[in-house]
Amino acid sequence: MQKKSKMNKLLILLSLLCLQACAHKTSKEIAESGSHLPPQNYAPQKYSLPSLDPGFHQSPINIFTNRTKKELNHDHFVVHFQDKVTAVENLGHTIQLDFNAGSTITVKDKTYSFKQMHFHTPSEHLIDGMTFPMELHIVSATENSITPDYLVIAVLFKMGEENQFINEFINLTPPHPHSKTVVKDNSVKLNDLLSLSPAGDLGHHYHYTGSLTTAPYTETVDWFVLKKIYEASPEQIETINTIEGNNARHIEPKNDRLVDDE
Ligand SMILES: [Zn+2]
């Protein structure tokens, strides 16, 4: 009997030693891989176009607000925004509002044309690990190149007051996927949500370079995530989520990228 209990103690001791050794190995491996470099066994997923260097600058990301780079020289934007929404589309995986051609935003000598804006429920970007119930992407792109450069303004929403801008199109959204409603008489205005003034001040934001969050995951996107959190009612967010489902891509490794705090 005593012999058996001694044997049991020995077995417990051995397994504890093994656990410690395994834990030690794991933390050593983590230390070697570096906190912001991809581990050696990281297999880049073929998310971007074959012609692009793939995989390490993907979006969305989790933005750690205390690990950003404070930018004193703010980017200067020149905005020519007509604010003309021509249609509301139910694409099945998102609600998209299309802009009339002719609105542009210029930053660092590069001019992008406003194309469309669409919603994600829940948010794709996280702030300090926190997710939000909804995120709007205002997408503009350069013209005349095979792979355009993109500029995306991301607007995060929390639950709160009913949002006037969302009310302008929510009832126009077609219930069936792959159909659209034409918007008449400038009745949907992004400026009712946020003011894209010609002075071109986006307000305080985080900036980093990343990718589209849907196929082909092209890594030519300048992301501007606004710091101001906007409000929409729980019912509005639920209506959008019911139409498009949960369409947020999982956060991607930040790797060697820095997020600018502007
Ligand atoms: Zn998006």
Side-chain angles (χ1 to χ4, degrees), residues 36-38 42-63 69 71 74-82 84-87 89 91-120 123-126 135-155 178 180 190 196 200 202 205-226 244 247-260 262:
H36 57 276
L37 291 171
Y42 180 90
Q45 290 145 315
K46 299 292 176 200
Y47 276 138
S48 25
L49 294 173
S51 58
L52 294 168
D53 197 22
F56 294 112
H57 289 174
Q58 289 287 299
S59 295
I61 58 166
N62 178 17
I63 297 169
K69 187 166 127 254
E71 281 291 336
H74 291 191
D75 286 329
H76 182 69
F77 297 88
V78 180
V79 182
H80 294 286
F81 188 55
Q82 299 169 349
K84 283 185 182 156
V85 172
T86 56
E89 295 194 59
L91 296 182
H93 64 276
T94 191
I95 295 174
Q96 178 174 301
L97 291 88
D98 302 322
F99 287 118
N100 199 13
S103 291
T104 59
I105 180 166
T106 304
V107 60
K108 287 178 184 157
D109 298 329
K110 204 181 278 184
T111 297
Y112 306 80
S113 299
F114 282 88
K115 298 290 182 191
Q116 44 92 353
M117 51 186 159
H118 61 265
F119 289 87
H120 294 269
S123 72
E124 295 206 302
H125 287 91
L126 269 55
E135 180 170 341
L136 168 67
H137 288 163
I138 306 164
V139 180
S140 40
T142 54
E143 310 274 8
N144 308 323
S145 59
I146 298 163
T147 304
D149 290 334
Y150 296 91
L151 185 156
V152 184
I153 301 167
V155 184
H178 312 294
K180 71 160 100 172
L190 179 60
L196 285 174
L202 287 184
H205 58 263
Y206 301 108
H207 165 248
Y208 78 98
T209 52
S211 75
L212 300 176
T213 64
T214 51
Y217 305 99
T218 316
E219 292 182 334
T220 56
V221 183
D222 270 277
W223 281 96
F224 294 88
V225 181
L226 302 190
E244 63 183 24
N247 63 348
R249 188 187 190 199
H250 197 273
I251 52 161
E252 300 295 313
K254 196 155 73 67
N255 296 325
D256 60 349
R257 290 174 289 178
L258 279 176
V259 176
D260 301 323
E262 295 183 18

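Every heavy atom of this structure was used, including side-chain atoms; hydrogens, water molecules and symmetry mates were not.
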Examine distances only and state if a side-chain atom of Ser123 and a backbone atom of Glu135 form a donor-acceptor pair shorter than 3.5 Å.
-> no

Closest approach of His118 and Thr94, non-hydrogen atoms and distance?
-> CB-OG1, 3.5 Å

Side-chain touch His125/Trp223, heavy atoms, less than 4.5 angstrom = yes

Answer yes or no: is there a donor N or O on one side and an acceptor on the other, between the side chain of Asn100 and the main chain of Lys84, under 3.5 Å?
-> no

Of all residues at least two apart in sequence or in a different chain, which pass the side chain to side chain donor-acceptor pair (under 3.5 Å) check with Lys115?
-> Glu143

Do His205 and Asp260 have side-chain atoms, one donor and one acceptor, less than 3.5 Å apart?
-> no

Sub-3.5 Å donor-acceptor pair from the side chain of Thr220 to the main-chain atoms of Pro148, do we have one?
-> yes

Just by modelled atom types, is the Phe224 backbone N or O under 3.5 Å from a matching donor or acceptor in the His207 side chain?
-> no

Whether Gln96 side chain and Glu89 backbone form a donor-acceptor pair below 3.5 Å | no

Spacing of Thr86 atom OG1 and Asp98 atom CG [to the nearest 0.5 Å] = 5.0 Å

Check: Glu219 side chain, His57 main-chain N or O, donor-acceptor pair, under 3.5 Å | yes

List for me each residue that meets side chain to side chain contact (heavy atoms under 4.5 Å, CB included) alongside His93, sequence neighbours excluded, and say none if there are none.
-> Leu91

Evaluate side-chain contact (heavy atoms from CB on, under 4.5 Å) for Val221 paired with Leu212, printing each intermediate quantity in order.
-> CA-CA 7 Å; Val221 183; Leu212 300 176; 3.8 Å; yes

In a check of side-chain hydrogen bond (donor to acceptor under 3.5 Å, both in side chains) between Thr213 and each of Glu252, Glu124, His250, Arg249, which one passes?
-> Glu124

Distance from Leu190 atom CG to Ser103 atom OG, nearest 0.5 Å?
-> 10.0 Å

Donor-acceptor pair, side chain of Ser140 and main chain of Tyr112, under 3.5 angstrom | no

Output field: ring centroids His137/Tyr150 closer than 6.0 Å = no

Audit row: Leu226, Ile153, side-chain contact (heavy atoms from CB on, under 4.5 Å) steps and yes/no | CA-CA 7 Å; Leu226 302 190; Ile153 301 167; 4.0 Å; yes

Distance, nearest 0.5 Å, that separates OG1 of Thr111 from CG of Asp149 = 11.5 Å

When Leu196, Thr104, Leu202 are each screened for side-chain contact (heavy atoms from CB on, under 4.5 Å) with Val79, the one that passes is Leu196

Distance in Å, Gln58 CD paired with Asn255 CG, rounded so as to fall on 0.5 Å steps = 10.0 Å

For Ile105 and Phe81, run side-chain contact (heavy atoms from CB on, under 4.5 Å): C-alpha distance rounded to whole Å, both residues' side-chain angles, the deciding distance at 0.1 Å, then the answer.
-> CA-CA 8 Å; Ile105 180 166; Phe81 188 55; over 6 Å; no

Are the side chains of Phe99 and Met117 in touch, meaning some heavy atoms are under 4.5 Å apart?
-> yes

Counting only N and O atoms by type, is there a donor-acceptor contact under 3.5 Å from the side chain of Gln116 to the main-chain atoms of Val139?
-> no

Distance col, row His120:NE2 vs Thr214:OG1, nearest 0.5 angstrom, shows 6.5 Å

Do the side chain of Ser59 and the main chain of Ser211 share a donor and acceptor less than 3.5 angstrom apart?
-> yes

For Arg257 and Ile61, run side-chain contact (heavy atoms from CB on, under 4.5 Å): C-alpha distance rounded to whole Å, both residues' side-chain angles, the deciding distance at 0.1 Å, then the answer.
-> CA-CA 10 Å; Arg257 290 174 289 178; Ile61 58 166; 3.6 Å; yes

Approximate separation, where rounding is to 0.5 Å, of Leu136 CG and Leu97 CG = 8.5 Å

With Phe119, which residues qualify under ring pair (Phe, Tyr, Trp, His ring centres under 6.0 Å), at least two apart?
-> Phe169

